[in-house]
2 protein chains.
Amino acid sequence: MSPKLIDDATREAREAEILQTALDVIAREGVSGLTIDKVVTKVPYSKGTVYNHFSCKEDLLTALCNNCVRRLADIFFRAAAFEGSSREKMLAIGIAYMLHSQLNPTEFMLVLSAKTPSVTEKSSQKRQDEHQELETKLLGKLLGIISDGLAHGELTLAPHLSPAQVSFSLWAMSFGTIALLQENLERCGVRQEMSLERELINHSNLVLDGLNWTPYTLDHDWHESVQRMKDTVFAPEVAKIQALVDAAS
Amino acid sequence: MSPKLIDDATREAREAEILQTALDVIAREGVSGLTIDKVVTKVPYSKGTVYNHFSCKEDLLTALCNNCVRRLADIFFRAAAFEGSSREKMLAIGIAYMLHSQLNPTEFMLVLSAKTPSVTEKSSQKRQDEHQELETKLLGKLLGIISDGLAHGELTLAPHLSPAQVSFSLWAMSFGTIALLQENLERCGVRQEMSLERELINHSNLVLDGLNWTPYTLDHDWHESVQRMKDTVFAPEVAKIQALVDAAS
DNA sequence: ACCTGAACACCGTTCAAGT
DNA sequence: ACCTGAACACCGTTCAAGT
């Protein structure tokens, strides 16, 4: 083992500082306005040091995306801890997705960018493996809730459907919805929260009914469930959104 | 009116030539390998002329994406003409999506890229409007089939769901599925067709059952429907895929 | 009215020199 | 062992000159 002149903790802090600075640049000037030069001038390190952390510009973008997904996994963890039926927990995952995308609009759109060939073609293998791992973790949360549903008899899978297929369906639906609504999201911001929320509940009900996941849409008050989630497991996110709304008015 | 030295037809042909050349470059060197310089050297026109057609590099990417979506709309048109129930037609849309993504892998991934901020931030308004218009056209095909289902009593919408919401759901699901599967698509190519096809049928059945769109999954042989689509409305695409498979072996 | 390509500015990436 | 920033190569974009 060779001796280290800087320890892991300070190295990590430095990386976080570079990433935060890059995110600031993107928030102000857009993804196409991000430049390593701009980041370097706003940070007390040299260009070489930045390239010591990231193999290229796209690698930095993937790192930013991974940070965002990592925090999303945390929120999913809390969603799964919601006290309710397995179907309510699955709805909670969708609401978590929504709140997270509203609180982190800049980072969230990077999740789409990071799936784009111009980024994957250049980003380092290490960070793309990490991305894959984080996505597997997200899918794992979905799989856990599906297992709960099966164990409690609230969900019975048709013979041609595996739990993995179902979790993939749900994920694809959430991803697609938010990706396609993104343009509108950017324009309308927090104001549009309510209609997006209704869409998401409808969307979720559609698929979960299709799966025969009880209780069915018409046998439960799902808007009440969402309110209870907001009061409990998602209280921190709701408070932050409220603070944003207050600041805007 | 000022006199024109070149007519619209030759101008259009030139634009098509530039676009095809750009596509060749991307197919060979990836999106990140695309350079206006490279395109210019492979084309009998100057840089200035290329910039006369496209406001910037990203504008060219959006144009390429729009070309792809335009052809997708054609296939959707044929899918809607499939002789069968409204639910079969809706499944045909999904199969059309799949075949198109397999036949045009390079262009298809550009549909994802074109939704990315680094492209939308720079692309011209004109071409982004065109993109919006083309997407509306796609959604229109879905809406038409939904209307058919409602008119024939094969589909009854719950009071909280509008046709527009349903078509958006279906679209989001398809888009999300293909976006998330894309990485795997690139790796495995045509060989994986069969498993992707099965996923897509399952996926479609899931959502259409959720909508109470008859006939239900278990009351019909959907694989037989798909075979009939391939023999009729999608015969051209199937022949092209077969040619690719033959060439590979 | 349209085309051309030299010229410019900017930016990603490297690496020899320094500590 | 790590940091620095000058230097390089490349590329997007413009525009004066030409037809």
Side-chain angles (χ1 to χ4, degrees), chain A residues 1-15 17-19 21-22 25-26 28-64 113 116 118-124 126-127, chain B residues 1-15 17-19 21-22 25-26 28-64 113 116 118-124 126-127:
Chain A
M1 290 279 284
S2 53
K4 285 201 173 189
L5 293 191
I6 66 161
D7 60 300
D8 288 352
T10 61
R11 196 185 144 81
E12 213 170 298
R14 193 171 59 185
E15 186 157 314
E17 190 181 352
I18 296 170
L19 286 170
T21 305
V25 173
I26 293 174
R28 212 174 321 110
E29 310 184 39
V31 187
S32 58
L34 178 68
T35 278
I36 300 288
D37 273 321
K38 285 180 195 163
V39 173
V40 168
T41 58
K42 286 173 208 298
V43 123
Y45 317 111
S46 74
K47 225 177 237 208
T49 299
V50 170
Y51 272 91
N52 180 318
H53 283 267
F54 308 100
S55 71
C56 62
K57 189 189 166 190
E58 286 73 18
D59 199 38
L60 194 155
L61 285 174
T62 304
L64 238 22
S113 299
T116 255
S118 49
V119 173
T120 57
E121 283 162 3
K122 305 195 72 184
S123 190
S124 73
K126 173 171 159 281
R127 239 170 273 264
Chain B
M1 289 278 286
S2 51
K4 285 200 173 191
L5 293 191
I6 66 165
D7 59 302
D8 289 352
T10 61
R11 194 185 146 82
E12 211 171 297
R14 193 170 60 184
E15 184 156 314
E17 191 181 351
I18 296 170
L19 286 171
T21 305
V25 173
I26 293 174
R28 212 174 321 109
E29 310 184 39
V31 186
S32 58
L34 178 68
T35 278
I36 299 288
D37 273 321
K38 286 180 194 164
V39 173
V40 168
T41 60
K42 289 173 208 299
V43 124
Y45 317 111
S46 73
K47 226 178 238 207
T49 299
V50 170
Y51 273 91
N52 180 319
H53 283 268
F54 309 100
S55 71
C56 61
K57 188 187 165 190
E58 287 72 20
D59 200 37
L60 194 155
L61 285 174
T62 304
L64 238 21
S113 298
T116 255
S118 49
V119 173
T120 56
E121 283 161 4
K122 303 196 76 187
S123 191
S124 73
K126 172 172 160 281
R127 241 170 269 266

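All chains are named by letter (A, B, ...) in the order of the sequence lines, taking the proteins before the strands, and each is independently numbered beginning at 1. Only a predicted model underlies this, so the values are computations on that prediction, with no experimental measurement involved. Only heavy atoms go into these numbers, but all of them, side chains included; no hydrogens, no water, no symmetry mates.
Heavy atoms only, all atoms of each residue included: A:Asp59 and A:Ser123 are closest at OD1-OG, 3.2 Å. Closest non-hydrogen pair, B:Lys42 versus B:Thr21, comes out as CB-CG2, 3.6 Å. In plain terms, the two heavy atoms of A:Ala22 and A:Leu64 that are nearest each other are CB-CD2, 4.2 Å.
Base pairing in DNA chain C yields stems of at least 3 consecutive Watson-Crick or G-U pairs, both distances under 3.5 Å, namely C:4-8 with D:12-16, C:12-16 with D:4-8.
Close to C:dC2, at under 4.0 Å from its OP1 or OP2, lies no side-chain N or O of B:Arg14. Between D:dC3 and A:Asn52, a contact under 4.0 Å exists linking OP1 or OP2 to a side-chain N or O.
In this structure A:Lys126 satisfies the salt bridge (charged side-chain N to carboxylate O under 4.0 Å, His left out) test with no other residue, sequence neighbours excluded. Every residue two or more places apart in sequence or in another chain was checked for a side-chain hydrogen bond (donor to acceptor under 3.5 Å, both in side chains) with A:Glu58, and none qualifies. Scanning for salt bridge (charged side-chain N to carboxylate O under 4.0 Å, His left out) contacts around B:Lys47 gives B:Asp37, with sequence neighbours left out. In this view, B:Lys38 and B:Glu29 satisfy the salt bridge (charged side-chain N to carboxylate O under 4.0 Å, His left out) rule, not counting sequence neighbours.
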### Task
Classify every nucleotide of nucleotides 4-19 of chain C by which part a protein heavy atom approaches to under 4.0 Å, writing B for the base, S for the sugar-phosphate alone and - for neither, in 5'-to-3' order.
BB-----BBBB-----
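Proximity of a side-chain donor or acceptor of B:Glu121 to a complementary backbone N or O of A:Val31 within less than 3.5 Å is detected.
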